[in-house]
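Everything below concerns the one structure shown next.
Side chains included, hydrogens not; waters and symmetry mates left out as well; all remaining heavy atoms used. Note that this is a predicted model, so its numbers are computed, not measured. Atoms within each ligand, like the ligands themselves, are counted from 1 in listed order.
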Amino acid sequence: MKLRVLLVEDDPHVRGFMQEALSVEGFEVLTAASLSEAQAMFRHGGVGLILLDLGLPDGDGEVLLREMRQQGNLPVIVVSARDQEVQKIQLLDAGADDFLTKPFSVGELLARIRVSLRHRGTALLPAVTLHALDDLRVDLQRHVVCLNDAPVHLTPTEYRLLARLVRQAGRVVTHRQLLADVWGAEFTEHTHYLRLYMAQLRAKLERNPAEPRHLLTEAGVGYRLADT
Ligand code: CA
């Protein structure tokens, strides 16, 4: 069965291009050009994933996000021209799975959708314990990190930080989430810890720490472990 995607976007040009890309990829696409239309379609049911624009003619997409989060756990990817960091964090904390800032490529859009679906699809399976991309290999079960097949020594904190990103590979993890999970709930404001340890991890794991291949920065929001 085709996955039904609800595409909420008021710009006809962007909507058309996204709809076409998604159809080619084999998704069934429903479109909504306003908040009220999107709400009606969402309530009707049968939607498997939502791509949500924020600036809509009759309100803010965030309203729909909050409404959906009260009712279930549908994957939601926010697609917006807004690049305000505070709001990105707010949206992730409000339950968005991910966000894409316009303009973006079709490849980027499809990659985020795949990650989002895979993450949901494996929610009931054992947690991710193995991560391999290019020269990097992380095995959480055996507690081993290798670069070009050579073991890399990490401090316990560096390892916990990397492991946290591995469990959500491909998805952004906010500063707050990382600080809470690696250091503890009382450390969520200590972003300098994160900067320091991320620099150390990059020095050990990246060929060129200034242009990371694995440990990617989402400016002002958090970090993402590359998985493609
Ligand atoms: Ca818009």
Side-chain angles (χ1 to χ4, degrees), residues 2-120 168 170-177 216-224 226-228:
K2 281 187 177 185
L3 183 90
R4 190 175 290 165
V5 175
L6 174 56
L7 169 58
V8 185
E9 171 63 66
D10 62 322
D11 180 330
H13 180 72
V14 177
R15 195 169 63 233
F17 128 82
M18 286 174 77
Q19 182 171 19
E20 193 183 318
L22 293 166
S23 304
V24 167
E25 204 62 17
F27 295 108
E28 182 185 337
V29 188
L30 300 177
T31 60
S34 67
L35 183 60
S36 54
E37 227 182 303
Q39 281 169 320
M41 283 179 170
F42 167 64
R43 287 174 194 145
H44 190 71
V47 172
L49 179 133
I50 300 187
L51 295 169
L52 184 62
D53 181 26
L54 295 179
L56 296 165
D58 56 343
D60 199 301
E62 200 177 335
V63 174
L64 184 63
L65 175 63
R66 293 188 188 277
E67 184 180 325
M68 283 180 309
R69 279 295 166 260
Q70 282 167 8
Q71 298 182 24
N73 201 26
L74 206 60
V76 179
I77 300 174
V78 170
V79 181
S80 176
R82 292 182 208 167
D83 195 17
Q84 289 160 5
E85 287 154 5
V86 174
Q87 195 183 18
K88 278 185 189 171
I89 298 166
Q90 241 176 43
L91 290 166
L92 290 166
D93 285 341
D97 287 66
D98 209 339
F99 58 81
L100 262 176
T101 306
K102 295 174 189 168
F104 53 85
S105 69
V106 170
E108 220 179 332
L109 170 68
L110 297 174
R112 298 292 173 83
I113 290 178
R114 274 195 296 273
V115 168
S116 211
L117 292 174
R118 193 184 55 218
H119 184 78
R120 296 314 178 95
Q168 226 171 317
R171 298 178 70 209
V172 63
V173 187
T174 64
H175 295 138
R176 218 183 159 72
Q177 290 168 329
L216 310 180
T217 297
E218 290 286 349
V221 179
Y223 296 94
R224 183 195 301 270
D227 72 336
T228 53

- [ ] Assess whether salt bridge (charged side-chain N to carboxylate O under 4.0 Å, His left out) is satisfied between K102 and D53, documenting all intermediate values.
- [x] CA-CA 10 Å; K102 295 174 189 168; D53 181 26; 3.4 Å; yes

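- Taking 4.0 Å as the cut-off between side-chain N and carboxylate O, D227 and R112 do not count as a salt-bridged pair.
- At least one N, O or S atom of D10 sits under 3.0 Å from the Ca ion (ligand 1).
- The nearest N, O or S atom of L54 is not closer to the Ca ion (ligand 1) than 3.0 Å.
- Between E25 and the options L3, L110, V5, a side chain to side chain contact (heavy atoms under 4.5 Å, CB included) holds for only L110.
- Shortest distance from the Ca ion (ligand 1) to D53 is reached at OD2 (N/O/S atoms only).
- Defined by atom type and a distance below 3.5 Å, a donor-acceptor pair is present between the side-chain atoms of S36 and D58.
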